[in-house]
Number of protein chains: 2
Amino acid sequence: MDFYNQTGKMAIGSRLRQLTDKITADAADIYKLYQIDLQPKWFPVFYALAQGNLTITGIARQIGHSHPSVSKIVAEMSDKGLVTEKKDKEDGRKNMVSLSRKGKVLAEKIKDQYSDVTNAVEAISKEAQHDLWKAIEEWEFLLNRKSLLQYVAEQKKQRESKKVRIIPFKPIYAEAFKKLNEEWISAYFKMEDSDYKALDHPKEYILNKGGAILVALYEDEPVGVCALIKMDDPEYDYELAKMAVSPKVQGKSIGWLLGQAIIEKAKSLGAKKLYLESNTMLKPAINLYYKLGFKKVAGRATPYERCNIQMELEL
Amino acid sequence: MDFYNQTGKMAIGSRLRQLTDKITADAADIYKLYQIDLQPKWFPVFYALAQGNLTITGIARQIGHSHPSVSKIVAEMSDKGLVTEKKDKEDGRKNMVSLSRKGKVLAEKIKDQYSDVTNAVEAISKEAQHDLWKAIEEWEFLLNRKSLLQYVAEQKKQRESKKVRIIPFKPIYAEAFKKLNEEWISAYFKMEDSDYKALDHPKEYILNKGGAILVALYEDEPVGVCALIKMDDPEYDYELAKMAVSPKVQGKSIGWLLGQAIIEKAKSLGAKKLYLESNTMLKPAINLYYKLGFKKVAGRATPYERCNIQMELEL
DNA sequence: TATATTTGCGTAATTAGTTACGTAAAAAAC
DNA sequence: GTTTTTTACGTAACTAATTACGCAAATATA
């Protein structure tokens, strides 16, 4: 079965963890080889302190651990006499940590181990074609900018948007056309007379007057609709109206696909300028209109009470 | 201070762990995004079982975990009804684990997540110059062949052998010449008369007769010695004898360096063939002689009781 | 100046794995 | 055919980190 033929990358976390384990498993033995009485997990703290005294949170920030982790490690190192703790005089909350004399001696003694381990890692790198060190650096950078979750979410959206088909209105979608619009209108406002007219009789009030309606299908179910209504106006050819997308299919860019399709439709009908009315309460919708290229314009008469913003798009 | 200027690589374990954490931190949210009721840590087990039924240790081997870890995960998955456990009929110790119907449904449902995550990882890889995936693969391979500890030990040896100097005998090393030899001889055997002669009077018994002595210094302390004794023999020019290295400096290739130097010395004296006597009890020594190129030969008369092996080297 | 918020840090609980160890079944050795 | 060794697997304890939480000191705000 081809079910798992691509599953490899899915386990990248597990795989990384195992490589980490393999590398750190040897760490204790390496310290033993040099007769350095230091636990491997202490090393980042030790390293930070060798460069200067720091507070608990200061160390944590530098080495990228949580502060409780540092707190514990410092306590352990203190037990072994490697570090000394001292309350900061100026800020009573701070715990200044520094290497003790014994710690400094160890820092001197560990030099050889440093250079040998560094050379060993570099020797391994030389045997390898691909630079693990630089690859880690890059991944750290990339994942700092955008998390793996975000990358995955993008892929999901992209894949799902491929399942969306935009098609012209057919009578079997009359019910969906009404329901999808009614859903959001009555959630935010109240259905008005002019709503019922257009939603109950799309053929008469929209199509026969030279308008158009598009339907978005997701897995062959109607989940979004949008209409172009012919306007009797010297400036505008059509009004973009009755756009509705089911909340069940959010995050699949259906509004965006529908909007783009209706603009294409308007162009093919020879339109030069589109108009729409909305309400600033509907932030995602307004956002979408901006993304589609619409711009805010000054007010004009409207049959809808709920409208407080008007927009236009030059094609 | 240049103390830590090369310390970066030393923390490769820590750094890898942190990248792992960053990647796995998102894992739970990714499962949530797809409404897959699976803990990320279950994934490798789930994956293995989707390919066929397995025993606990079978799963552990496949996914590279310890068996107690698998045992625990299977118990958790069993609680959730994702897998079923069943004693093997033929081998009562074995616990055959398989995906339940619910598990199989989930395996079907998770497909989309697989492909999205795979694509996300590949998208990140495309943004990076260095291929983390391949780099991990290479490191796994290289570390399987030779552990990090071994790599480090090699570096240590190499560095330390640079601290070794091989110099000609001087009277101030007379005491060391005797002590180093006495140390190992009396540990394994008993000092004999001929030992005392050569060790107490190296000038008379070795040097003045046309032989040579080399001393290995480690940090300017004499830690190893070796002699070439002129032989009155038609076949052999010199006997390699009185080789001793302090056990305190083991693992620094001092025997090897001393052996090579004494062979060079023999060549420069115009020797064509070297001879030596030893005892098979002294395995590291015999090994060293083989490495230096010596070959076993049939017996000849010897003043030493302790000898049971004789070797020669053609120069 | 009194109060609210932020910061530093310690303790406790949790997590995802490990090693250590014990038991029982199967296989090998005598 | 009995004894010893190996194998399968579960439980318990440990490890190296985390998050959650609470207290006290410092800082900001009204």
Side-chain angles (χ1 to χ4, degrees), chain A residues 11 13-29 31 38-46 48 53-79 83 85-97, chain B residues 11 13-29 31 38-46 48 53-79 83 85-97:
Chain A
S14 275
R15 196 163 188 184
L16 259 177
R17 200 192 47 71
Q18 273 175 42
L19 180 59
T20 308
D21 285 351
K22 189 170 255 153
I23 288 176
T24 51
D26 277 8
D29 289 330
Y31 283 88
L38 201 70
Q39 282 189 42
K41 66 163 174 166
W42 295 349
F43 175 73
V45 172
F46 184 75
N53 306 347
L54 284 166
T55 63
I56 298 287
T57 43
I59 299 170
R61 258 193 306 275
Q62 274 215 5
I63 71 175
H65 278 200
S66 63
H67 84 261
S69 164
V70 173
S71 177
K72 230 187 282 177
I73 289 170
V74 165
E76 289 170 17
M77 290 175 77
S78 187
D79 278 353
V83 300
E85 300 173 71
K86 205 169 73 191
K87 270 239 148 75
D88 189 289
K89 272 172 224 149
E90 304 189 346
D91 187 339
R93 298 165 304 175
K94 289 183 179 170
N95 179 359
M96 284 302 294
V97 187
Chain B
S14 275
R15 196 162 188 186
L16 259 179
R17 201 193 46 71
Q18 272 173 42
L19 180 59
T20 308
D21 284 351
K22 190 170 257 155
I23 287 176
T24 51
D26 278 7
D29 289 330
Y31 283 89
L38 201 70
Q39 282 190 41
K41 66 164 173 165
W42 295 350
F43 175 73
V45 172
F46 183 76
N53 306 347
L54 286 165
T55 63
I56 297 289
T57 42
I59 299 170
R61 258 193 305 277
Q62 274 215 4
I63 71 174
H65 279 199
S66 63
H67 85 261
S69 163
V70 173
S71 178
K72 231 187 283 180
I73 289 170
V74 165
E76 289 170 18
M77 291 174 77
S78 187
D79 278 353
V83 300
E85 300 173 71
K86 205 169 73 190
K87 270 239 149 77
D88 189 290
K89 271 173 223 146
E90 304 189 346
D91 187 338
R93 297 166 305 176
K94 289 183 179 169
N95 179 359
M96 284 301 295
V97 187

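Chain naming here is simple, since letters A, B, ... match the order of the sequence lines and numbering starts at 1 in each. Both backbone and side-chain heavy atoms feed into the values below; hydrogens, waters and symmetry mates do not.
In this structure, CD of A/Gln62 is placed 14 Å from P of C/dG8, rounded to the nearest angstrom. Here the P atom of nucleotide C/dA16 and the CD atom of B/Glu76 are 8 Å apart, to the nearest Å. Between the P atom of C/dA16 and the CD1 atom of B/Ile73 lies a distance of 9 Å, rounded to the nearest Å. Atom C1' of nucleotide C/dA16 and atom CD of B/Gln39 are separated by 10 Å, given to the nearest angstrom. A/Gln18 has its CD atom 12 Å from the C1' atom of C/dT18, to the nearest Å. Between the CD1 atom of B/Ile56 and the C1' atom of C/dA24 there is a distance of 16 Å, rounded to whole Å. Regarding A/Lys72, its NZ atom lies at a distance of 12 Å from the P atom of D/dT19, rounded to whole Å. Distance CG (B/Leu16) to P (D/dA17): 14 Å, rounded to an integer number of Å.
Across all strands shown, B/Ser69 has heavy atoms under 4.0 Å from base atoms, whether or not it also approaches the sugar-phosphate. Counting any heavy atom pair closer than 4.0 Å across all strands shown, A/Glu90 reaches sugar-phosphate atoms only and no base atom. Nucleic acid contact class of A/Ser66 (heavy atoms, under 4.0 Å, all strands): base.
Of the candidates A/Leu54, A/Ile73, A/Val45, A/Val45 is the only one forming a side-chain contact (heavy atoms from CB on, under 4.5 Å) with A/Ile63.
The backbone N or O of B/His67 sits nowhere less than 3.5 Å from a side-chain atom of B/Ser71 that would complete a donor-acceptor pair. A donor-acceptor distance shorter than 3.5 angstrom exists from the side chain of A/Thr55 to the backbone of A/Gly58, with no hydrogens or angles considered.
In this structure, B/Arg17 and B/Lys94 both approach DNA chain D, and ranking their closest nucleotides by distance from the 5' end singles out B/Lys94. Mapping A/Trp42 and A/Asp91 onto DNA chain D by nearest heavy atom places A/Trp42 at the nucleotide closer to the 5' end. Comparing B/His67 and B/Gly64 against DNA chain C, the residue whose closest nucleotide sits nearer the 5' end is B/Gly64. Each of A/Glu85 and A/Asp21 lies near DNA chain C, and the nucleotide nearest A/Glu85 is the one positioned closer to the 5' end.
The minimum heavy-atom distance between B/Ala48 and B/Gln62, with the atom names listed, is CB-OE1, 3.8 Å. Of all the heavy atoms in A/Asp88 and A/Glu90, the pair that sits closest is OD1-N, 2.7 Å. Shown here for B/Ile56 and B/Val74, the closest heavy-atom pair between the two residues is CD1-CG2, 4.0 Å.
For A/Pro68, counting side-chain heavy atoms from C-beta on, the closest listed nucleotide (D/dT19, C/dT18, D/dC9) is D/dT19. Comparing atom distances between the B/Arg93 side chain and each of D/dG10, C/dG10, C/dA26 picks out C/dA26 as nearest.
Phosphate proximity of D/dA8 to B/Asn95: absent, as no side-chain N or O sits under 4.0 Å from OP1 or OP2. Residue B/Ser71 has a polar side-chain atom (N or O) positioned under 4.0 Å from OP1 or OP2 of D/dG10.
For a distance-only test at 3.5 Å, the side chain of B/His65 fails to qualify as a donor-acceptor partner of the base of C/dG17. Counting atom types as modelled, B/Lys41 pairs no side-chain N or O with a base atom of C/dG17 as donor and acceptor under 3.5 Å.
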